[in-house]
Amino acid sequence: MTFSFKAAALQSSAAVALLAVTGTAVLADEITIAFGSVGRDTEIMQELWKPWEEATGHTVKLVTMPSSTTDQFGQYRLWLAAQNSDVDLYMSDVIWAPQLADHFVDLTEAAKDVAPRHFPAIIESQTVDGRLVAMPVFTDAPALYYRKDLLEKYGKSVPKTWEELTATAKEVQDAERAAGNADMWGFVWQGNSYEGLTCDALEWVKSSGGGQIVEPDGTISINNENAVKAIELAASWVGTISPEGVLAYQEEDSRGVWQTGNAVFMRNWPYAYGLGNADDSAVKGLFDVATLPTGQGHDTSAATLGGWNVAVSKYSQSQEAAVSLAMYMGSEEFQKGNAIEGSKLPTIITLYDDADIASAQPIIPRWKDVFLQAVPRPSAPTRVKYNEVSSLFWNAVHNTLSGQGTAAENLEELEVMLEDLKGGDSW
Ligand code: GLC
């Protein structure tokens with residue numbers, strides 16, 4: 001018989017004492033984790049944490065953050081600067097490790113046996129000055145979602161270039177509207193002023209031969225003709241194949257339009273794949289995914305590398321249990337569940353050969369090469385300045401998309417601001 005009791009009077013409010021069959025008293029903590037959820041994330045996570053809760057006696061409490069990674073980062077920075085001990089674990093975007101590293105516990109020792117099972121580049125991206133500051137939970141690389149039924153109906157193929165996408169989106173949208181579907185749009189994506197726009201715009205620029213804003217050696221490359229052309233083309237979409245509202249869209253807004261059946265194409269991350277095929281989706285079974293297009297005359301598609309990792313706060317009062325939960329979230333069991341339930345790309349290499357995952361979410365094995373070739377945002381070369389670099393970039397792009405200045409003017413000005421921020425030869 002397992003006997004447990006709440007010893008609220010004796011223990012801190014966050015802990016209860018469990019008396020195991022062995023007679024050994026174990027402290028059970030309530031572990032608080034902060035993360036911004038999209039889709040069914042909250043529900044899925046709570047389900048996936050259960051085996052860990054049962055095995056350890058601890059419980060997990062979720063603090064839901066804004067879905068915008070930018071807003072989430074702002075909140076994290078405030079909490080961490082204040083050495084907040086209420087949050088034990090932080091779900092951390094792939095780009096944040098260098099900026100938040102000082103606040104996180106080194107997981108190298110705890111992860112030493114399991115780290116080699118993850119893709120080395122992901123472990124490396126979360127390693128700062130030799131310290132593993134976050135455990136990989138899932139990786140991310142976007143797709144071009146397209147409506148198979150509509151392309152077939154109008155005899156169109158999946159676009160290979162952004163120019164072709166522009167033309168096909170317009171043609172199918174106009175034909176569908178003429179046929180009575182007044183709410184149809186050609187292409188939905190993420191145009192809000194936030195990190196998501198940096199991801200989208202990096203893809204247009206990189207796949208058009210315009211570089212990656214700041215190159216891996218630290219050179220500022222964004223002010224060039226190919227980048228100008230790519231962003232001008234995107235500006236032409238607003239109000240034609242994309243609603244004006246796209247300038248305020250994040251991932252979930254684009255998914256909302258797409259999943260009600262009102263878009264021919266969507267740029268989004270793999271999480272939208274499982275949700276789009278759910279029973280409550282109007283596009284269930286009607287779509288497929290392809291790699292994002294390239295600029296005309298260029299042959300390499302670019303997908304921005306995303307992904308989420310879990311970090312343990314240095315200010316947590318329950319570090320041991322928090323580290324244990326972080327390890328569990330990086331485990332095969334957790335990642336497999338998250339892949340099947342949430343169509344999230346695992347970071348454990350062998351899961352790409354897992355038959356259950358492949359049959360539940362066919363995008364996953366197909367997306368291994370896409371994420372392996374994905375383009376990182378310049379968070380490594382610009383280190384602690386990345387957030388400012390990114391916000392200067394998304395602002396320059398957002399201004400262009402909303403008709404405030406041309407791409408040429410805005411990128412020229414951006415280059416000056418980035419040089420200023422860099423402030424010398426190195427970041
Ligand atoms: C996804 C990616 C993340 C990126 C964010 C932008 O969540 O995984 O890396 O920063 O989208 O909105």
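Indexing begins at 1, ligand by ligand and atom by atom, following the structure's order.
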Starting from atom 12 (O) of ligand 1, which protein heavy atom do you reach first, and at what distance in Å? Glu251 OE2, 2.7 Å
Enumerate the residue pairs fulfilling salt bridge (charged side-chain N to carboxylate O under 4.0 Å, His left out) with a member in residues 352-368, sequence neighbours excluded, ordered by first and then second residue. Asp288-Arg366, Lys336-Asp354, Lys336-Asp356
For atom 8 (O) of ligand 1, what is the closest protein heavy atom, and at what distance to 0.1 Å? Asp140 OD2, 2.6 Å
In ligand 1, which numbered atoms sit nearer than 4.0 Å to a non-hydrogen atom of Glu195? 10 (O)
Can you tell me which portion of Arg377 lies within the under-4.0 Å heavy-atom range of ligand 1? Options are side chain, backbone, both, or neither. side chain
Measuring from non-hydrogen atoms of Tyr194 to any atom of ligand 1, is the shortest distance under 4.0 Å? yes
Report the part of Gln250 (side chain from C-beta onward, or backbone N, CA, C, O) that has a heavy atom under 4.0 Å from ligand 1; answer both or neither where that applies. neither
For atom 1 (C) of ligand 1, which of the options Trp269, Phe73, Tyr271, Phe138 provides the nearest non-hydrogen atom? Trp269
Using 30° and 60° as the class boundaries, would you call the ring planes of Tyr76 and Trp79 parallel, tilted or perpendicular? parallel
Would a line drawn from the ring center of Phe371 to the ring center of Phe119 be shorter than 6.0 Å? yes
So is there a nitrogen or oxygen of Thr69 less than 3.5 Å from a nitrogen or oxygen in ligand 1? no
Atom 7 (O) of ligand 1: closest protein heavy atom, distance to 0.1 Å, is Trp308 NE1, 3.0 Å
Within a distance under 4.0 Å of any heavy atom of Gly196, pick out the atoms of ligand 1 and give their elements. 6 (C), 12 (O)
Locate the shortest heavy-atom distance separating Asn338 from Met45; write the atom from each residue and the value. ND2-CE, 4.0 Å
Applying the side chain to side chain contact (heavy atoms under 4.5 Å, CB included) test to Thr139, which of Val94, Leu305, Asn309 qualifies? Leu305
Ignoring hydrogens, what is the shortest heavy-atom contact between Leu401 and Ile231? Give both atom names and the distance. CD2-O, 4.4 Å
Nearest heavy-atom approach of Thr400 to Glu232 is CG2-OE2, 4.4 Å
Counting from 1 in the order shown, the ligand 1 atoms closer than 4.0 Å to a non-hydrogen atom of Gly307 are 2 (C), 8 (O), 9 (O)
Just need the protein heavy atom nearest to atom 4 (C) of ligand 1, so name the residue and atom and give the distance. Asp93 OD2, 3.4 Å
Looking at Glu53 and Lys50, does any basic side-chain N land under 4.0 Å from a carboxylate oxygen? no
